[in-house]
Student: 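After the structure tokens below, expect a handful of questions from me.
Indexing begins at 1, ligand by ligand and atom by atom, following the structure's order. Each residue takes its place number in the sequence, starting with 1.
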Amino acid sequence: MYVDVHAHLCDGKYGGEIDSLVKAYEEAGVGIVINSGYDLTSSEKVMAESQKYDSMYFSAGVHPDEAKTLDNRAIERLTAILRDKKCVALGEIGFDFYWNKSTEEEQIFAFEKQMEIADHLGLPFVVHSRDASAKTSAFLKDRKSLINHGFLMHCYSESAEMAKVYESLGGYFSFGGVITFKNAKKDNVIKAISPERILTETDSPYLAPHPFRGQLNDSSKVVYVVQKLADVLGKNLQETKDIIRENTRRLFGI
Ligand SMILES: [Zn+2]
């Protein structure tokens, strides 16, 4: 089966048509999708939707853009959501110094707090890192003691050298549509990472793979990402699917 470890299928761009999204990805052979929250409202939505479909799991967390909303009440609500049986990770969390929608202090507080919660609950966490490579790696290195259940660098866009650092900390890496773009120049990064640390995602509704670039993305299109990965790794499609399936089991317990 194919796996999409990071998608936002409750996004308003789909107009609530989740049934048809699930039908489409299941028909394409996608057997696992992790529908991802980025604040409390979206985390509650993905929790509710995941109860309806065997193939859908979810992650819940407060994105760095929303870091300023993580007060005590939010922490309590989030912790309750994370205890749901279909929840497989905390996230996405991290740093975003491109949009800077929350201050650096707010982002640091939210990142660390949520790492503590993930560790306490025995969950892996999902990292969003944009324009923050040096800060994210240093931050994780300094908090190594909180990393006991693995983590995912989602939509990995940093260097091959940096990947070694994350890998040594127990990190996994997921790649999406970006690796299929012409001039993506991601082959050396993918080759530098151990295959048993690689996962696939769509980040739907964003970042549709070639030849759909610029269009609305959905989880069925992870097929194009896996094919590209297989080409870069020099493995056949089935082998590549099997590796990703096994990595999903190891990191997320599904
Ligand atoms: Zn995302």
Student: Who are the side-chain hydrogen bond (donor to acceptor under 3.5 Å, both in side chains) partners of Ser174, not counting sequence neighbours?
Tutor: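 Once residues adjacent in sequence are excluded, the partners of Ser174 under the side-chain hydrogen bond (donor to acceptor under 3.5 Å, both in side chains) criterion are Glu201.
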Student: When you check the side-chain N and O atoms of Lys85 and Gln51, is any donor under 3.5 Å from an acceptor?
Tutor: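 Yes.
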Student: Using ring centroids (six-membered ring only for Trp), state whether Tyr25 and Tyr2 fall under 6.0 Å.
Tutor: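 Centroid separation for Tyr2 and Tyr25: 6.0 Å or greater.
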Student: On the 0 to 90° scale, with breaks at 30° and 60°, tag the Phe125-Phe151 ring pair as parallel, tilted or perpendicular.
Tutor: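 Plane angle under 30°, so parallel.
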Student: Ignoring hydrogens and angles, state whether a donor on the side chain of His63 or Gln107 is under 3.5 Å from an acceptor on the partner side chain.
Tutor: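 No.
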Student: Compute whether any side-chain donor of one residue and acceptor of the other, for Glu66 and Thr69, lie under 3.5 angstrom apart.
Tutor: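 No pair is found: no donor N or O on one side chain lies under 3.5 Å from an acceptor on the other.
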Student: What protein N/O/S atoms lie closer than 2.8 Å to the Zn ion (ligand 1)?
Tutor: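 Less than 2.8 Å away from the Zn ion (ligand 1) sit His6 NE2, His8 NE2, Glu92 OE2, Asp203 OD1.
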